[in-house]
Amino acid sequence: MDIPLSTIAVVGLGTMGTGIAEVLARSGREVIGIDTDEAAARRAVASLEASTARAVERGRITEEERRDALARFRTFSDLQAAADAELVIEVVPESYEIKQQVFRELDAVVSPATILATGTNALSVTRLAAESQRPERVLGLHFFNPAPAMKLVEVVSSVLTAPPAVEAVTQLARLLGKEPVAIGDRPGFVADGLLFGYLNQAAAMYEANYATREDIDAAMKLGCGLPMGPLALLDLIGIDTARTVLEAMYSTSHDRLHAPAPILGQLASAGLTGRKAGRGFYTYAEAGSQTVVPDALTPAPRGAEAAGRTVRSVGVAGSGTMASGIAEVFAKAGYDVVLAARGQEKADLAKARIAKSLGRSVTKGRLSEQARDETLARITAAASLDAFAEVDLAVEAVAEDLLVKQELFATLDKVCRPGAVLATTTSSLPVVAIARATGRPEDVVGMHFFNPAPAMKLVEVVRTVLTADDVHATVHEVCHTVRKHPVDCGDRAGFIVNALLFPYLNNAIKMVEEHYASLDDIDAAMKLGGGYPMGPFELLDVVGLDVSLAIEKVLHNEFRDPGLAPAPLLEHLVAAGCLGRKTGRGFREYARR
């Protein structure tokens with residue numbers, strides 16, 4: 001069934017409705033903008049005028065194309081204006097009552113062939129369709145904000161939707177230069193279904209005083225490559241909107257991960273709904289501003305904490321990729337480094353790996369040959385931990401096994417001089433349990449580097465209940481010296497990044513198990529709609545499914561939340577030896593090298 005969809009009505013001219021109208025008008029469609037608030041209609045026209053003017057300045061469209069686009073956008077205050085539309089997209093507030101009223105009125109206005117699309121990201125498309133006189137013509141068309149820039153469009157079918165209507169809007173999305181993903185009807189769909197659970201956990205983490213808002217946001221940006229931290233993103237979305245989405249998700253899933261964190265309700269009830277109100281998790285220069293201003297919760301400038309211990313030399317224990325990467329980081333920053341492994345051959349191989357890494361930096365023009373040689377000269381490869389006798393800081397990067405680490409720290413306790421700081425790079429084990437293997441647990445701290453250590457800027461600084469103030473301060477000073485960004489967190493499973501990242505990955509696997517969406521659609525949705533550098537299944541295969549399963553089990557054992565139980569599909573793949581890229585097969589298959 002060929003539906004040209006050349007005349008389209010957009011009901012609701014807020015930020016999203018205005019963005020959708022702009023996309024349609026610039027694509028050559030006649031756009032009927034409808035909003036009962038005449039001020040909103042005027043703002044929409046002004047927004048389109050301003051955005052198209054910027055496009056002309058940047059050479060993306062001509063002045064004639066701008067005039068034509070503006071001429072195609074007309075605004076009205078009555079739904080009767082949608083009478084001739086072939087497609088109506090409603091983007092009114094997330095309320096069944098409001099949306100159902102719009103659909104009832106549209107039923108009396110538009111032709112029987114008109115497609116009615118809801119822009120909801122939280123409510124049931126099926127429930128909205130059932131209230132319409134033409135449920136087969138009702139579907140979801142979920143754009144992402146800002147609509148002109150974001151490529152993803154989720155096309156949502158209910159059990160009542162006719163395939164020709166889906167085909168028509170899917171074709172339209174492609175003609176608009178978007179990437180349509182066809183999915184079924186459930187709250188949050190794909191992108192928001194995964195995103196809002198993660199945002200909710202971040203809010204709960206902050207509410208529990210586990211980490212500051214700044215550290216949570218910095219950790220997810222620097223540790224995962226996300227364009228925004230979760231709390232800043234909640235402020236952008238609107239805390240009231242986020243709570244509505246989560247309520248809808250929880251009503252269907254009954255998963256505690258979707259039960260809105262109480263702080264979301266408290267902020268929303270107080271009118272602190274984020275940027276649009278001028279205050280949410282952060283405080284802004286004014287309502288609608290994106291400029292964050294200091295408030296009572298803003299951290300004090302560096303230097304207010306206790307003085308740290310002097311660190312001139314560093315010992316790194318281990319011979320793998322992480323150990324050699326950490327040794328490279330310290331040596332490049334000017335520290336004398338002892339790289340100790342189990343045997344001289346392994347230590348020499350680890351140093352050779354560093355030499356190769358530095359060589360690549362020279363080839364790319366990031367490092368001079370002299371700097372490479374000086375860095376290598378600062379690294380001593382040693383056959384045992386005995387070489388750590390005089391180091392000021394010892395950092396272990398060995399296997400993620402509690403007994404192995406405890407044994408190593410018991411040795412460090414005997415070898416290292418009094419006052420030396422002992423750091424573990426564990427990503428999932430209790431730091432205090434490692435510290436108790438020594439006779440000086442006050443000297444032990446977590447320094448969780450991210451792989452590859454030379455490139456990743458984040459270090460999670462994990463302080464136990466026994467860690468001394470000056471040890472904590474020392475690690476912060478060292479992180480700044482090696483040009484890493486330290487974030488503080490307590491000694492619990494997953495710390496910040498893994499505690500927020502892996503439940504999100506686990507939920508993506510559950511979507512596939514439930515046959516709700518394909519691997520490719522989920523990966524595309526999170527990259528195009530969520531700004532993730534990699535889709536969840538790409539990332540799982542890179543991290544390793546065995547590593548991911550181990551972290552999921554640690555999180556589940558620590559928090560005892562049924563929603564954190566590892567997805568059976570992940571366990572099955574690991575049992576079958578399908579561990580990701582390193583074995584040539586995980587969620588996808590890879591060419592053998």
Side-chain angles (χ1 to χ4, degrees), residues 4-10 12-35 39-75 85-87 89 91 117 119 141-155 168-181 191 221 225-228 232-233 236-237 275-276 284-286 288-292 364-366 523-535:
L5 303 182
S6 59
T7 302
I8 300 173
V10 178
L13 295 176
T15 302
M16 180 59 81
T18 299
I20 294 170
E22 177 181 340
V23 172
L24 295 169
R26 287 178 60 173
S27 75
R29 268 73 190 170
E30 294 293 328
V31 182
I32 301 163
I34 302 172
D35 200 303
R42 288 194 297 271
R43 286 194 298 271
V45 171
S47 175
L48 186 57
E49 289 174 345
S51 63
T52 52
R54 288 193 298 271
V56 172
E57 289 173 10
R58 295 167 183 170
R60 294 174 181 170
I61 61 174
T62 65
E63 181 58 41
E64 182 180 0
E65 288 171 331
R66 175 178 185 257
R67 286 195 301 269
D68 289 345
L70 292 174
R72 285 191 291 268
F73 180 47
R74 295 168 292 148
T75 63
E86 296 156 311
L87 166 67
I89 305 171
V91 205
L141 197 57
H142 180 212
F143 287 79
F144 287 74
N145 197 25
M150 300 296 279
K151 292 292 186 182
L152 180 67
V153 174
E154 291 177 321
V155 179
V169 297
T170 301
Q171 180 186 16
L172 170 67
R174 291 197 180 102
L175 292 172
L176 295 176
K178 303 298 183 184
E179 296 285 344
V181 173
K221 287 196 295 181
L226 298 177
M228 292 184 75
L233 183 54
L236 175 62
I237 292 168
R275 282 192 193 179
K276 59 189 176 186
Y284 300 86
E286 60 183 359
S289 171
Q290 63 181 1
T291 304
V292 175
K364 294 175 182 177
R366 297 173 182 168
D523 276 355
M526 297 317 296
K527 288 192 290 185
L528 298 173
Y532 283 71
M534 300 178 76

* Asked: Quick one: CG on L70 to CD on E65, what's the gap to the nearest 0.5 Å?
  -> 12.0 Å
* **Side chain to side chain, T18 and L48, heavy atoms closer than 4.5 Å** => no
* Minimum side-chain heavy-atom gap I20-V91 below 4.5 Å -> yes
* **Donor-acceptor under 3.5 Å (D35 side chain, L13 main chain)** => yes
* Structure fact -> Nearest heavy-atom contact between N145 and M16 is N-CE, 3.4 Å
* **Reported CE-to-CE distance for the pair M534 and M526, which is rounded to 0.5 angstrom** => 13.5 Å
* Asked: Can you find a heavy atom in the side chain of V155 that is under 4.5 Å from one in the side chain of T170?
  -> yes
* **Residue list, ring-ring contact (aromatic ring centres under 6.0 Å, His included) with Y532, at least two apart or on another chain** => Y504
* Asked: Is the shortest heavy-atom distance from the side chain of E154 to the side chain of F144 under 4.5 Å?
  -> yes
* For S6 and E86, run side-chain contact (heavy atoms from CB on, under 4.5 Å): C-alpha distance rounded to whole Å, both residues' side-chain angles, the deciding distance at 0.1 Å, then the answer. => CA-CA 7 Å; S6 59; E86 296 156 311; 3.2 Å; yes
* Which heavy atom of V31 sits nearest a heavy atom of A25, and at what distance? -> CG2-N, 3.5 Å
* **Considering all heavy atoms, the nearest I61-R26 contact** => CG2-NH2, 3.8 Å
* Asked: Looking at residues at least two apart in the chain, or sitting in another chain, which of them share a side-chain hydrogen bond (donor to acceptor under 3.5 Å, both in side chains) with T52?
  -> R66
* Asked: Who pairs with K221 by salt bridge (charged side-chain N to carboxylate O under 4.0 Å, His left out), at least two apart in sequence or on another chain?
  -> none
* Only one of V10, T7, L5 forms a side-chain contact (heavy atoms from CB on, under 4.5 Å) with L24, so which one is it? -> V10
* Determine whether P180 and R174 make a side-chain contact, defined as any pair of heavy atoms from C-beta on separated by less than 4.5 Å. => yes
* Asked: Any idea which heavy atoms bring R29 and L175 closest together, and the distance?
  -> NH2-CD1, 3.6 Å
* Where do L152 and G529 come nearest, in terms of heavy atoms and distance? -> CD2-CA, 3.7 Å
* Below 4.5 Å, heavy atoms only, C-beta onward: do M150 and P146 meet side chain to side chain? -> yes
* To do: Would you please name every residue forming a salt bridge (charged side-chain N to carboxylate O under 4.0 Å, His left out) with K178, sequence neighbours left out?
  => none
* Asked: Heavy atoms, side chains only, cut-off 4.5 Å: are L226 and P533 in contact?
  -> yes
* To do: Working to the nearest 0.5 Å, report the span between CD of Q290 and OH of Y284.
  => 9.5 Å
* Contacts of A117 that satisfy side-chain contact (heavy atoms from CB on, under 4.5 Å) - sequence neighbours left out -> L87, I89, L139, L141
* Asked: Closest heavy-atom contact between V23 and P148?
  -> CG2-CA, 3.5 Å
* Pairwise distance CD1(I8) to CZ(R72) - rounded to 0.5 angstrom -> 11.5 Å
* By side-chain hydrogen bond (donor to acceptor under 3.5 Å, both in side chains) - contacts of S51 (at least two apart) -> E22
